[in-house]
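Order of the sequence lines sets the chain letters (A, B, ...), proteins ahead of strands, with each chain counted from 1. Excluded from the calculations below are hydrogen atoms, water molecules and symmetry mates; all remaining heavy atoms, backbone and side chain alike, are included.
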2 protein chains.
Amino acid sequence: MLAALQLVEGGQHFSSLSIREITRQTGVVPTSFYRHFRDMDDLGLALVDELSMILRQLMREVRESQANAAKPEQLIRHSVDFFMQQVDANRGIFVFLTQELTGGSVAVRQAIRSELNFFTNELVLDINRYRILPDLSREMLEAAALLVIQIVSMAIVEWLDTAQTLASQRETIRQRIVRQTQLTFLGASHWKEKEKTV
Amino acid sequence: MLAALQLVEGGQHFSSLSIREITRQTGVVPTSFYRHFRDMDDLGLALVDELSMILRQLMREVRESQANAAKPEQLIRHSVDFFMQQVDANRGIFVFLTQELTGGSVAVRQAIRSELNFFTNELVLDINRYRILPDLSREMLEAAALLVIQIVSMAIVEWLDTAQTLASQRETIRQRIVRQTQLTFLGASHWKEKEKTV
DNA sequence: TGTACATCAGTGAACGCGCGTTCACTGATGTAC
DNA sequence: TGTACATCAGTGAACGCGCGTTCACTGATGTAC
């Protein structure tokens with residue numbers, strides 16, 4: 001699994017990897033692959049499972065790092081900074097997950113989407129816990145929370161394409177995430193159910 | 001190029017297609033491929049170029065279809081309905097473009113992103129033309145417009161995975177796009193530059 | 001109007017190669033009695 | 001404590017196959033004079 005991540009991080013698409021390539025990277029004979037996975041699809045699903053665990057732990061750390069933040073108005077920016085640091089430290093994971101969000105088999109795509117929904121629910125819980133948007137309907141709250149998750153997801157792709165040395169471009173991306181997130185919360189706080197029936 | 005789109009629409013990832021597969025689909029001998037493209041990367045870039053043209057035409061139609069809409073509050077919903085209809089009518093195009101948004105070579109990814117930026121600018125022009133958000137700074141306006149484009153982009157992936165027969169699930173996606181877009185505009189209309197320095 | 005040549009998409013044989021997958025195997029580690 | 005067996009990751013040879021790419025070719029269409 002680590003070998004697959006390394007190859008994906010090296011610029012190849014997961015769907016174009018071969019079993020022999022992966023076992024070569026591991027330093028093991030091709031037939032050994034079958035001791036662990038039925039085929040590449042099986043490996044893909046196992047990777048999503050494994051990486052989901054890691055990602056959840058990582059998100060927990062992001063939330064804890066902000067649990068008793070001094071200045072609430074900087075909470076968004078600090079969370080974004082912390083999270084993007086984690087993205088850099090785990091490139092392979094995020095390259096794979098963003099690739100497969102649009103690329104893999106139907107099963108893999110849906111597994112990743114359900115993971116995004118999990119984070120959406122976590123975010124909804126946090127928003128309720130701190131009574132940030134007390135008047136919002138459940139449906140709208142979920143749409144807003146998912147939007148925040150999606151803002152970050154889309155930005156990760158561009159972030160991974162932007163070398164760490166291009167500080168100003170990275171700052172542009174960071175700023176956009178913060179702005180778009182603030183926009184979402186601001187919109188949500190002004191939402192009146194009756195005005196805007198969908 | 002059409003053959004490649006058909007294969008991608010059939011569930012394969014573009015990066016896993018072979019030259020022989022494509023020429024087989026076209027009904028032509030493998031060597032003919034080289035009369036038109038240097039390699040698969042070349043074909044990928046040519047596809048993005050070609051599909052960008054089609055997509056721009058398609059977006060023009062969406063905008064024209066709403067140019068003299070009777071009820072401005074339903075403008076978002078009608079545009080979304082019209083656009084999603086186009087997505088269904090051109091599955092191959094959108095499967096390819098969403099795949100390559102996260103998956104292809106760096107060059108292809110950036111070509112698609114620059115296309116999204118083009119649509120963002122178009123949207124900014126429209127917003128200015130109708131004086132919808134007159135007090136917003138250029139930067140914030142762009143962040144909001146890009147957010148709307150991103151909302152639709154992310155939804156397309158899920159939309160393409162949801163069979164046309166699953167009407168209720170499709171309605172959920174459609175509703176979410178509308179809600180998230182309304183949220184974005186609502187947030188943008190309440191934005192005060194001084195309060196929220198990033 | 002007719003001839004000579006250039007252009008160009010497609011042909012078909014051939015190449016060496018890496019691929020997925022099978023099979024019977026080895027040898028280390030864990031478990032039962 | 002010692003022996004017998006089960007489990008399990010890795011081995012290495014072998015297979016048939018589809019792959020990308022090369023080459024010299026054909027035959028239709030367009031262009032110059």
Side-chain angles (χ1 to χ4, degrees), chain A residues 1-54 92-93 95-97 99-100 102-109 111, chain B residues 1-54 92-93 95-97 99-100 102-109 111:
Chain A
M1 289 170 65
L2 186 60
L5 278 190
Q6 286 167 349
L7 290 169
V8 161
E9 189 181 339
Q12 294 189 65
H13 197 279
F14 181 77
S15 74
S16 74
L17 293 184
S18 71
I19 290 176
R20 290 181 106 102
E21 233 174 330
I22 289 170
T23 54
R24 211 180 300 128
Q25 175 87 6
T26 318
V28 116
V29 110
T31 34
S32 290
F33 180 89
Y34 298 98
R35 295 284 163 210
H36 306 273
F37 310 103
R38 222 174 327 106
D39 50 27
M40 286 297 290
D41 268 6
D42 194 30
L43 170 58
L45 283 171
L47 266 172
V48 175
D49 274 4
E50 181 73 15
L51 299 186
S52 292
M53 303 286 284
I54 297 176
I93 296 179
V95 171
F96 174 79
L97 289 176
Q99 263 186 18
E100 298 303 292
T102 64
S105 65
V106 181
V108 168
R109 277 200 297 274
Chain B
M1 289 171 63
L2 187 59
L5 279 191
Q6 286 167 349
L7 290 168
V8 160
E9 188 179 342
Q12 292 189 67
H13 197 278
F14 180 77
S15 74
S16 75
L17 293 184
S18 72
I19 290 176
R20 289 181 107 102
E21 231 174 332
I22 290 169
T23 54
R24 211 180 300 130
Q25 176 86 7
T26 317
V28 116
V29 108
T31 33
S32 290
F33 180 89
Y34 297 97
R35 294 284 163 210
H36 305 273
F37 310 103
R38 221 174 329 106
D39 50 28
M40 286 298 289
D41 269 6
D42 195 30
L43 171 58
L45 284 171
L47 266 172
V48 174
D49 275 3
E50 181 74 15
L51 299 187
S52 292
M53 303 284 285
I54 297 175
I93 296 179
V95 171
F96 173 79
L97 289 175
Q99 264 186 16
E100 297 303 289
T102 64
S105 64
V106 181
V108 169
R109 278 199 297 274

Considering only side-chain heavy atoms of [X], which listed nucleotide, [options], is closest?
{"X": "A:E21", "options": "C:dC19, D:dT22, D:dT11", "result": "C:dC19"}
{"X": "A:S32", "options": "D:dT21, C:dG12, D:dT11", "result": "D:dT11"}
{"X": "B:V28", "options": "D:dG20, D:dC19, C:dT11", "result": "C:dT11"}
{"X": "B:R35", "options": "D:dG18, C:dA9, D:dT11", "result": "C:dA9"}

Distance-only donor-acceptor test (3.5 Å): side chain B:R20, base D:dG18 |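 Answer no: no donor N or O sits under 3.5 Å from an acceptor.
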
Under 3.5 Å donor-acceptor pair, B:T31 side-chain atoms to C:dG12 base atoms =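 Answer yes: a donor N or O sits under 3.5 Å from an acceptor.
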
Taking atom CE of A:M40 and atom CG of A:L45, what is their separation to the nearest 0.5 Å?
->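 Reported value, rounded in 0.5 Å steps: 11.5 Å.
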
Checking A:Q6 side chain against A:T26 main chain: does a donor-acceptor pair fall under 3.5 Å?
->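 A pair under 3.5 Å: no.
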
Please answer whether the main-chain N or O of A:L7 pairs with a side-chain N or O of A:Q25 as donor and acceptor at a distance below 3.5 Å.
->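 It does not hold such a pair.
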
Quick one: does A:L51's side chain get under 4.5 Å of A:L5's, heavy atoms only?
->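 Sidechains of A:L5 and A:L51: in contact.
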
A:D49 vs A:M53 side-chain heavy atoms within contact, under 4.5 Å =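 No - every pair of side-chain heavy atoms lies 4.5 Å or more apart.
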
What is the distance, to the nearest angstrom, from the [atom1] atom on [X] to the [atom2] atom on [N]?
{"X": "B:D41", "N": "D:dG20", "atom1": "CG", "atom2": "P", "value": "13 Å"}
{"X": "A:R24", "N": "C:dC17", "atom1": "CZ", "atom2": "C1'", "value": "11 Å"}
{"X": "A:I22", "N": "D:dG10", "atom1": "CD1", "atom2": "C1'", "value": "17 Å"}
{"X": "B:D42", "N": "D:dT21", "atom1": "CG", "atom2": "P", "value": "12 Å"}
{"X": "A:D39", "N": "C:dT22", "atom1": "CG", "atom2": "P", "value": "11 Å"}
{"X": "B:I19", "N": "C:dG18", "atom1": "CD1", "atom2": "P", "value": "17 Å"}
{"X": "B:L43", "N": "D:dG20", "atom1": "CG", "atom2": "C1'", "value": "15 Å"}
{"X": "A:L17", "N": "C:dC19", "atom1": "CG", "atom2": "C1'", "value": "13 Å"}

With both distances kept under 3.5 Å, what pairs with C:dA6, Watson-Crick or G-U wobble?
->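 Partner of C:dA6: D:dT29.
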
Nucleotide forming a Watson-Crick or wobble pair with C:dA14, both distances under 3.5 Å |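 C:dA14 is paired, partner D:dT21.
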
Would you please confirm or rule out a distance under 4.0 Å between OP1 or OP2 of D:dC19 and any side-chain N or O of B:S18?
->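 Checking D:dC19 against B:S18, a side-chain N or O does come within under 4.0 Å of OP1 or OP2.
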
Considering just the side-chain nitrogens and oxygens of B:R38, establish if one lies under 4.0 Å of OP1 or OP2 belonging to D:dG20.
->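 Answer is no, no contact under 4.0 Å.
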
Starting from the 5' end of DNA chain D, give me the residue, A:H36 or B:M40, whose nearest nucleotide shows up first.
->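 So the residue in question is A:H36.
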
Classify the nucleic acid contact of B:F33 as base, sugar-phosphate or nothing, counting any heavy atom under 4.0 Å across all strands shown.
->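 Nothing: the residue B:F33, judged by heavy atoms under 4.0 Å, touches no strand.
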
